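The structure appears right after this line, and notes come after that.
Atoms within each ligand, like the ligands themselves, are counted from 1 in listed order. Keep in mind the model is a prediction, meaning the values are calculated, not measured.
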Amino acid sequence: MRSSARIVLGTALLACVPFWLAWQSSAPQLEGTWTGEQTFQRRERTITQHLEYVLRQQGAQITGVAANQNGRTGAISGTVSGDHVQIEIHDPFRPDSPGQQYQGTVHGSSLDLTFVPRPEANNSRRRFTPPPAHLQRTSTVTAYQLPANLRHPPLAPFHPLPPNGLALTPPMGWNSWNHFAGKVTDAEIRQTADRLVSSGMAAAGYIYVNIDDTWEGTRDAQGNIQSNAKFPDMKALAEYVHSKGLKLGIYSSPGPKTCAGYEGSYLHEAQDARTYAAWGVDYLKYDWCSASQVYTPDQMQAVYAKMAQALRATGRPMVFSLCEYGWQNVGQWGASVGGNLWRTTDDIQDNYASMARNGFSQNGRESAAGPGHWNDPDMLEIGNGGMSQDEYQTHMSLWAMLAAPLIAGNDLDAMTPAALSILTNRDVIAVDQDKLGRQGFRVSAQGDLEIWKRPLAGGATAVALFNRGTQPAPMTADWQALGVRANPKVRDLWAHRDVTAPGHFTVTVPAHGVVMLRAR
Ligand code: GLA
């Protein structure tokens, strides 16, 4: 370069310096894409994950998206003041639930953040503490895009689906998760099918044998899902289950991975539905899980409708069970996306507090339930050992009052006569399976004492007196207050006897127990 040209260029660059400095001081400190790595221990494994924050800043306000190599992990909001940064990462599917809070500093292209634990009301469950995050600004991009391998074509516009004619009463059966979780194999499914028949449970109505998560293998060269080594031949297994007069259920996720980290149906929905049909599957539980990483909240309904349509296109009747933990008022739209049942709660655990939380919180959801479409407060824990006989009777009664699916989750091989007698109480099952399909509701609550009622076909009424307290207590069913005509014929469904109670019925209800009646 000639020296005069060098001088001109140098002068021009120098002239730019004040503008550049001015831009630097006014440019939002946090705009852009920040990347880093986070390493943590989970179940004795060291996991390193790529971390990406795509941030926008307006004044002191920060918004953006948190992601990792598997897609979106949260929505970011926060503030910056000087070099001090505070952010919160929310689950965009649960806008009302508290997010994860971080605070730290920004210096030039470095952002260092530390997790801020919340003072928890309930510290009984061990919570995961994310490690500090160190990020570098790696680009000025401020719009998040899914990694190339995870991008999906636009979802078809969603049209409400007509009923599929299945599950006219709440589905009844068994599912592997509550007892076997990841240990379930072909052998347990066959044995369960045998036991459902030999124990009398099948005759009482438990006909679906549902394999939950962890059956999935890899995809073959054509993208067909294969079962893993625990399930050598799904078609043969389905034939075995069918030969017992039972039906087979299976599990998947609309996301790339299931909750247990196995292969999901993402971008393979129609293909998977055809595979299930070819195997002879009769029921699909479709569990949201990692779908949050690849879809936005407004896409959830279309995502479920897509699989419902894929199942219908196979021509094989398959019950469609939505599992998205009750997010986004699923009861308002679950039926229109083809769901026969939808979870309304977090996962149940085998203890009274969890069961009571899931069950009693269903009051008010009645209008969503009816023949072909049911609220699902999760599967039964009866027989798994964590609750007393009274508590398990409460569990069974409450689910029956709620017209909830009765999906047992215990080891049928080790089932006690007591557990069997609860699960096969025909009078209580008849309430659950009542043809009218109206979900019960709470009529009164006085402290720990709750009275629930469920209108039944033919003008009968089921009444449950629940004592949620830790001491036995007298409770009264007053027919007039319950809208039951005077001098009804009353049967006590756990004592298995008729009772005479012209105006009202007073009884002592055990701690955490129930007295369940049918009046007509
Ligand atoms: C979620 C569901 C459970 C079970 C597990 C399997 O937690 O809510 O019911 O299916 O996934 O991984």
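Distances from ligand 1 to the non-hydrogen atoms of D347 include at least one value under 4.0 Å.
Ring pair F466/W452 is perpendicular by interplanar angle, where above 60° counts as perpendicular and below 30° as parallel. By the 30° and 60° cut-offs, the orientation of the rings of Y304 relative to W333 is tilted. W399 and H395 have perpendicular rings, their planes meeting at more than 60° on a 0 to 90° scale where under 30° would count as parallel.
Here is the list of ligand 1 atoms found below 4.0 Å of a heavy atom in Y325: 8 (O).
When non-hydrogen atoms are compared, ligand 1 lies under 4.0 Å from neither the backbone nor the side chain of A181. If you look at D287 next to ligand 1, the close heavy atoms, those under 4.0 Å, all belong to the side chain.
D233 pairs by the salt bridge (Lys or Arg N to Asp or Glu O under 4.0 Å) definition with nothing, not counting sequence neighbours.
Screening T185, T214, D186 against K230 for a side-chain hydrogen bond (donor to acceptor under 3.5 Å, both in side chains) leaves a single residue, T214.
Protein heavy atom closest to atom 5 (C) of ligand 1, with residue, atom name and distance, is W177 CE2, 3.6 Å. For atom 12 (O) of ligand 1, the closest heavy atom belonging to the protein is D213 OD2, 2.8 Å. Among all protein heavy atoms, the one lying closest to atom 10 (O) of ligand 1 is D212 OD1, 2.6 Å. When hydrogens are left out, the protein atom nearest atom 9 (O) of ligand 1 is K285 NZ, 2.8 Å; that is the closest non-hydrogen contact.
Applying the side-chain hydrogen bond (donor to acceptor under 3.5 Å, both in side chains) test to every pair with at least one member in residues 155-170, sequence neighbours left out, gives these pairs: N164-N340, T169-Q433.
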